[in-house]
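Computed from heavy atoms alone, side chains included, the values below leave out hydrogens, waters and symmetry copies. This is a predicted model, so every value here is computed, not measured. In what follows, chains are A, B, ... by sequence order, proteins preceding strands, each numbered from 1.
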Amino acid sequence: MKPAVTYELLHECKQTGARRGVVHTPHGDIQTPVFMPVGTQATVKSMTPEELKQEVQAQIILSNTYHLYLRPGEKIVKEAGGLHKFMNWDRPILTDCGGFQVFSLKDLRTITEEGVEFRSHLDGSKHFFSPEKVMQIEEDLGADIIMAFDECVEYPSTHEYTKQSMERTTRWAKRCKQAHTTENQALFGIIQGGFYEDLRKKSAEDLIELDLPGYAIGGISVGEPKEEFLKMLYYTAPLMPKDKPRYLMGVGTPDYLIESAIAGIDMCDCVLPTRIARNGTALTWNGKIVVRNATYERDWTPLDPNCDCYTCKNYTRAYIRHLIKANEILGVRLLSIHNLKFLTKLMERVRIEIEGDNLLNFKNEFYKQYGYTK
RNA sequence: GUGGAUGUGGCGUAGCUGGUUAACGCGCCAGUUUGUGGCACUGGAGACCGUGGGUUCGAAUCCCAUCUUCCACC
């Protein structure tokens, strides 16, 4: 039987080895490498699905098992006809398993082989996530791609703990595969192993044996220095199957996205563009600007002169600064549109440069213009 | 006119039985933000404590005068 989600490789950049491909899903194709906006609670904060399609041109969005389970509850979403219908989004959706959220609860959770007991951040009520439970929730939510329940260990962690945790994540992945019943959803495994190469290798090998339709790298981009991030990324990505989508979880700064593509990653997601939008910051081709700052009080130019997004075509930095200072919702919306569109355009460009076997040159050019030093 | 109250960073206040660098909220300035527990978090600047005099080793704190604003009464 054909998996719900498949990967088609179109071209490999001769300069870097980066992959230009297509991910086929029940809700349409995704041109890769791609950046996926995050809509934790069945909404990319402040954006309508129409804006995401028409203006941002998002190809796929994320949503979250933990949050939707707590509120409104996966049964409500199921009753609505699944996430796609519930939120009126007809393109692909990926649900994160809630592992990251549950483990970030720290004092509020207990891990056992069976699963994780945790308390809701909303009302303190007790809950239990097992691999089987998470599969049931993700199936009720109905995304195209569902993630296996894993543990994301924090940085830094000991080799011993990371090993234990990684092995458990692998056992949980097996249980997820067993519990997974729907045919129109693809279950992706998550490679763990922290910042230890031997553990990453082992994790990748054992998970690949399960022959899942896609794989992700989890547990990096968790606050480590950039050198550590790059080291793990470049070590782990080549271990992943060539004929399946490769997803790097939690990456969203422009430099990390370009590095990921070079490492052979196809998909990335991050809250960064929408989060910094809420705090008054814009990504531009010339670097990050905190438009909330006083310097922009009388700046009558757009956020980014090289941008053709709705925000940049119609509004000035001075106006957006005013909106953000005044805590007006529109400020957040305009910045979110811009930041998301910026990353869409960046990835579009990355795809073109891969096709032209020119990604490394582009990276150097971009770094220089953006202001990155290395 | 009489009596009472009030006056502290841009704004609103705390401190006022006298004792090291005057506190807080908002605002202001800046930084952070990487599988969203976030319209969040972390820093920072900014006050001759209405004015003038006095008591005291020492006064935003006590006394006197004066001005400001508010209230009450005739």
Side-chain angles (χ1 to χ4, degrees), chain A residues 35-46 61-71 94-109 118-124 127 134 138 143 145-155 169 188-192 215-226 228-230 233 247-257 259-260 265 267-283 288-297 321 323-333 335-336 339 343:
Chain A
F35 173 77
M36 309 183 283
V38 178
T40 305
Q41 314 208 57
T43 166
V44 175
K45 293 188 193 299
S46 88
I61 59 172
L62 257 74
S63 206
N64 191 277
T65 300
Y66 169 80
H67 292 274
L68 294 177
Y69 157 80
L70 286 181
R71 187 170 54 191
L94 180 155
T95 43
D96 187 21
C97 63
F100 184 83
Q101 285 63 42
V102 168
F103 291 105
S104 75
L105 294 172
K106 287 200 173 72
D107 307 332
L108 300 176
R109 44 86 167 163
F118 61 94
R119 287 181 179 278
S120 159
H121 69 282
L122 298 173
D123 62 6
H127 301 270
V134 167
E138 293 200 87
I145 298 171
I146 63 179
M147 301 307 296
F149 190 50
D150 71 327
E151 177 183 357
C152 179
V153 299
E154 58 184 358
Y155 175 86
T169 287
F188 279 24
I190 304 177
I191 299 168
Q192 288 291 346
Y215 290 95
I217 302 176
I220 65 173
S221 192
V222 289
E224 72 282 359
K226 188 173 177 182
E228 289 283 299
F229 165 80
L230 291 177
L233 169 65
Y247 164 28
L248 173 59
M249 309 181 82
V251 159
T253 55
D255 56 334
Y256 277 35
L257 287 170
E259 294 288 357
S260 302
I265 294 295
M267 312 158 72
C268 290
D269 79 284
C270 193
V271 303
L272 187 110
T274 45
R275 177 179 289 172
I276 65 174
R278 265 173 280 131
N279 298 323
T281 303
L283 300 168
K288 192 174 77 172
I289 68 169
V290 183
V291 75
R292 150 171 49 82
N293 287 359
T295 347
Y296 306 109
E297 192 175 18
R321 170 184 140 88
L323 294 176
I324 291 292
K325 295 293 283 184
N327 232 319
E328 282 292 341
I329 301 161
L330 183 60
V332 172
R333 279 177 39 68
L335 276 169
S336 294
N339 285 345
L343 292 184

Can you tell me, in whole Å, how much space there is between the P of B/A5 and that of B/C64? 12 Å
Of the candidates B/U34, B/U36, B/U32, the side chain of A/K288 sits closest to B/U32
Could you report the tightest heavy-atom contact between A/V291 and A/R321, atom names first, then the distance? O-CB, 3.2 Å
Please determine whether a side-chain nitrogen or oxygen atom of A/R109 lies at a distance below 4.0 Å from atom OP1 or OP2 of B/G37. no
Rounded distance in Å - CD1 (A/I289) to C1' (B/A30): 15 Å
Mate of B/G19 across any strand shown (Watson-Crick or G-U wobble, both atom pairs under 3.5 Å) is B/C57
Taking A/I265 as the fixed residue, which of A/V251, A/L257, A/L248 is the one that meets the side chain to side chain contact (heavy atoms under 4.5 Å, CB included) rule? A/L248
Does A/R275 make a side-chain donor-acceptor contact with the base of B/U36, cut-off 3.5 Å? yes
So what does A/L94 touch, heavy atoms closer than 4.0 Å: a base, only the sugar-phosphate, or nothing? nothing
Kindly determine whether A/T253 and A/D255 satisfy side-chain hydrogen bond (donor to acceptor under 3.5 Å, both in side chains), including the steps that lead there. CA-CA 6 Å; A/T253 55; A/D255 56 334; 2.7 Å; yes
Checking base pairs now: Watson-Crick or wobble, both atom distances under 3.5 Å. What partners B/G1? B/C73
Determine the interatomic distance between P on B/A23 and the same-named atom on B/C29; round to the nearest Å. 22 Å
Paired with B/G10 by Watson-Crick or G-U wobble geometry, both distances under 3.5 Å: which nucleotide is it? B/C26
Spacing of A/N293 atom CG relative to B/U33 atom C1', expressed in whole Å: 14 Å
Report the base-pairing partner of B/A65 (Watson-Crick or G-U wobble, both distances below 3.5 angstrom), or none. B/U51
Calculate the interatomic distance between A/Y69 atom OH and B/G37 atom C1'; express it in whole Å. 16 Å
Touch check for A/C152, heavy atoms < 4.0 angstrom, all strands: base, sugar-phosphate only, or nothing? base
With P as the reference atom in both, quote the distance from B/C62 to B/C26 in angstrom, rounded to an integer. 30 Å
Look at all strands and tell whether A/G219 reaches a base, only sugar-phosphate, or nothing, counting heavy atoms closer than 4.0 Å. base
Quick one: label A/D96 by what it contacts on the DNA or RNA (base, sugar-phosphate, nothing), any heavy atom closer than 4.0 Å. base
Grab the NZ-P distance between A/K45 and B/U36 for me, whole Å please. 10 Å
Taking atom types as they are modelled, is there a donor-acceptor pair under 3.5 Å from the base of B/U33 to the side chain of A/T281? yes
Scanning both residues in full, the closest heavy-atom pair of A/A216 with A/M147 reads CB-CE, 3.6 Å
Any base atoms under 4.0 Å from A/S120, or only sugar-phosphate, or nothing? Heavy atoms, all strands. nothing
So, under a plain 3.5 Å distance rule, would you say the side chain of A/D150 forms a donor-acceptor pair with the base of B/G35? yes
Protein-nucleotides 40-44 of chain B N/O pairs closer than 3.5 Å?
unit_1: B/A40; atom_1: N7; unit_2: A/N279; atom_2: OD1; d: 2.8

Nearest-Å distance once atom C1' is located in both B/C49 and B/U61: 10 Å
Take A/V332 and A/K45, measure what side-chain contact (heavy atoms from CB on, under 4.5 Å) needs, and give me the verdict at the end. CA-CA 9 Å; A/V332 172; A/K45 293 188 193 299; over 6 Å; no
Tell me whether the OP1 or OP2 atom of B/U36 has a side-chain N or O from A/H121 closer than 4.0 Å. no
So, do A/V102 and A/H127 sit near enough that their side-chain heavy atoms are less than 4.5 Å apart? no
Would you indicate what A/L105 reaches in the nucleic acid, counting non-hydrogen atoms under 4.0 angstrom: base, sugar-phosphate, or nothing? base
Would you say A/K226 reaches B/U34's phosphate, i.e. side-chain N/O to OP1/OP2 under 4.0 Å? no
Between A/Y66 and A/H121, does the ring centroid distance fall short of 6.0 Å? yes
Min side-chain heavy-atom separation A/C97-A/F188 under 4.5 Å: no
Quick one: label A/I190 by what it contacts on the DNA or RNA (base, sugar-phosphate, nothing), any heavy atom closer than 4.0 Å. base
Which residue lies toward the 5' end of RNA chain B, A/E328 or A/Y247, if each is placed at its nearest nucleotide? A/Y247
Can you tell me how far P of B/G37 sits from OH of A/Y66, to the nearest Å? 8 Å
Counting any heavy atom closer than 4.0 Å, what does A/V38 reach on the DNA or RNA strands: base, sugar-phosphate only, or nothing? base
What integer number of Å spans the P atoms of B/U20 and B/A60? 10 Å
Without decimals, in angstroms, what is the distance between A/E259 CD and B/U34 P? 19 Å
Is there a side-chain contact between A/M249 and A/F100, using heavy atoms and a 4.5 Å cut-off? no
With C1' as the reference atom in both, quote the distance from B/U56 to B/A47 in angstrom, rounded to an integer. 25 Å
Verify the contact: side-chain N or O of A/K325 to OP1 or OP2 of B/C29, cut-off strictly under 4.0 Å; return yes or no. yes
Rounded distance in Å between the C1' positions of B/U6 and B/G19: 27 Å
Are A/Y256 and A/F229, when compared by the centres of their aromatic rings, separated by less than 6.0 Å? yes
Which part of the nucleic acid, if any, lies within reach of A/Q192 when heavy atoms closer than 4.0 Å are counted: base, sugar-phosphate only, or nothing? base
I want to confirm an ordering. Mapping A/T274 and A/I329 to their closest nucleotides on RNA chain B, which one lands closer to the 5' end? A/T274
Flag if over 12 foreign heavy atoms under 6.0 Å of CG, A/L122: yes
d(CZ, A/F229; P, B/G35) in whole Å: 12 Å
Quote, to the nearest angstrom, the P distance that separates B/C73 from B/U8. 27 Å
I need the CE-P distance between A/M36 and B/G35, as an integer number of Å. 11 Å
